[in-house]
Number of protein chains: 2
Amino acid sequence: MSGKRNVAQPMAGDTQPRAADEPATLAETAYRRLHRDIIAGVFAPGQPLRLELLKQRYGFSFSPLREALNRLQSERLVVAAALRGFSVAPFSSEEMRDATETRILVECEALRRSIDNGDDDWEAGIVAAFHALDLQARRVKAILGEPGDDDLSALEVRHQDFHRALIARCRSRRLLDLAEQLYAETQRYRLPMLTGRAFADEARDVPLEHRQIMDAALARRSEEATALLAAHYRRTSALIDRNMAAQTAAGD
Amino acid sequence: MSGKRNVAQPMAGDTQPRAADEPATLAETAYRRLHRDIIAGVFAPGQPLRLELLKQRYGFSFSPLREALNRLQSERLVVAAALRGFSVAPFSSEEMRDATETRILVECEALRRSIDNGDDDWEAGIVAAFHALDLQARRVKAILGEPGDDDLSALEVRHQDFHRALIARCRSRRLLDLAEQLYAETQRYRLPMLTGRAFADEARDVPLEHRQIMDAALARRSEEATALLAAHYRRTSALIDRNMAAQTAAGD
DNA sequence: AAACCACTTTCTTTCGAAAATCCTTTCTGT
DNA sequence: ACAGAAAGGATTTTCGAAAGAAAGTGGTTT
């Protein structure tokens, strides 16, 4: 870095473009990069996040880094002990269970309300997101051998977009934000499963599950849609749980 | 303040004693004081929180104050605009409705689980908290004229303790933390009603409502208990809503 | 060998000042 | 008079360093 200060310059490699009317501070940029990297598993669960290390890695100084870490802490991606600094939130079955069940509570309620309030745009949004997800899933499946990171992360974005579209009309900022946060938390657990492909879906047809959720939502069958959504998340959760148990048993 | 630095010294006037194994940093102390003061209405909703002002008022320097404000922002007690600093979260009917409904979603689920898991200690905790609340409520009611701040804030503490006791066995850190946060948010709206006493309870018997919730919970009647709890919160919310409308109509 | 103490090192937290940005007022040209 | 530019002041954000606490080291004693 040169000696010059630079607050608003966007960095190459930013994934989420920010709203044009909200200039990014360094703290904001640091938050986004750390958020992305923690979810991507760049830092291992439990790993201490030393400020000196982060300063070197990202080129920000303490203040913006601390601000970012504080935000991440309130989203449970980072834990902090007073006077002992920050660490990546460790993995645990217990935490994943709680995150999953809370996510089900929040998203099912949001889906219920969206089904009640949903207009044509809502339906169109779901159909479009499902289609994009389906295309990308086929694309990844068609790849011979290991799919690249780009393909997988594109798939993840589509997946998140689909789930976002389902609950988009719930009319509650709190529920939407909670869903976003809980998605990030659980995503972290899902990641090793995606890249490894070792513990793949077995007898599961995930695209079919998505389609069934969509169909029930569009047909305004709340009970069915929420039940399917909950089952969808619980299946993933159970799968991860088994893998975590297997990995720790294997002396990981 | 003298020129000396001071990290761990507790301040007089701290309400919540901290856990003994977690030494308070200045940022932690600043967070607690600001949290308390915002809820107590020391700063008006919407008021900008200039750092220079806070520095003078509390004696902390920028870093701990910013850290505290960031935490409060993620709890929606404070809003921030990039490069334009922090303000107390403004009041709005819409926000209160969302906070109330989210609180109902979260606490009803937590109550349901507590009823399923509740042991003898859970029951004892509820009975004790109810008793303490009831005593304090009678004490306040018996006071001639305006009750003092101490009496009212003691009442508030008892009230919160009672609601905490109800959901104490839900076995979900996330639900408990969310309930805590949503309590703080809605508490802010309730405050003017308490002190003013102008818009008091009308035909409401709040102690009776509490007793009915308790009875249903102890009798393990989930459906009834959650319905009563939801109604309890919605009544308060509706009352506040009317007052807010009246106040703004009166050219406030 | 385990427990204890003083010393050193490492790291977090806090401070005060500098830089960047926003906001208001004043000035300029039409 | 009025839109737009420019200056000036106020405020936030960031930096680098210093202070304070925790962890580590090595030697001494029990």
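Numbers restart at 1 for each chain; the letters A, B, ... are given by sequence-line order, proteins then strands.
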Just the rounded figure in Å: distance from [atom2] of [N] to [atom1] of [X].
{"X": "Y58(A)", "N": "dC15(D)", "atom1": "OH", "atom2": "P", "result": "16 Å"}
{"X": "K55(A)", "N": "dT13(C)", "atom1": "NZ", "atom2": "P", "result": "15 Å"}
{"X": "L65(B)", "N": "dT14(D)", "atom1": "CG", "atom2": "P", "result": "16 Å"}
{"X": "L53(B)", "N": "dA10(D)", "atom1": "CG", "atom2": "P", "result": "16 Å"}
{"X": "L54(B)", "N": "dT11(D)", "atom1": "CG", "atom2": "C1'", "result": "12 Å"}
{"X": "E28(B)", "N": "dG20(D)", "atom1": "CD", "atom2": "P", "result": "20 Å"}
{"X": "F60(B)", "N": "dG16(C)", "atom1": "CZ", "atom2": "P", "result": "14 Å"}

Can you label the angle between the Y31(B) ring and the H35(B) ring as parallel, tilted or perpendicular, going by 30° and 60°?
tilted
Non-hydrogen side-chain atoms of R76(B) and R174(A) separated by less than 4.5 Å
yes
Taking only residues two or more places apart in sequence or in another chain, which ones pass salt bridge (Lys or Arg N to Asp or Glu O under 4.0 Å) with R234(B)?
E101(B)
Return the angle between end axes of the helix from dA1(C)-dT30(D) to dT30(C)-dA1(D), with five pairs used per end and rounding to 10°.
10°
Side-chain N or O of S63(B) less than 4.0 angstrom from OP1 or OP2 on dT14(C)?
no
Checking E107(B) against Y233(B) for the side-chain hydrogen bond (donor to acceptor under 3.5 Å, both in side chains) test, could you report, in this order, the C-alpha distance in whole Å, the side-chain angles of both residues, the deciding distance, and whether it holds?
CA-CA 10 Å; E107(B) 288 203 26; Y233(B) 289 149; 2.6 Å; yes
Test: [X] and [Y] ion pair at under 4.0 Å:
{"X": "E28(B)", "Y": "R71(B)", "answer": "yes"}
{"X": "E95(A)", "Y": "R188(A)", "answer": "no"}
{"X": "D177(A)", "Y": "R173(A)", "answer": "yes"}
{"X": "R103(B)", "Y": "E185(B)", "answer": "no"}

Please list each protein N or O that sits under 3.5 Å from an N or O in nucleotides 7-12 of chain C, with the distance.
from: dT12(C); atom 1: OP2; to: L51(A); atom 2: N; distance (Å): 3.2

NZ or CZ of K55(A) within 45° of F62(A) ring axis and under 6.0 Å:
yes
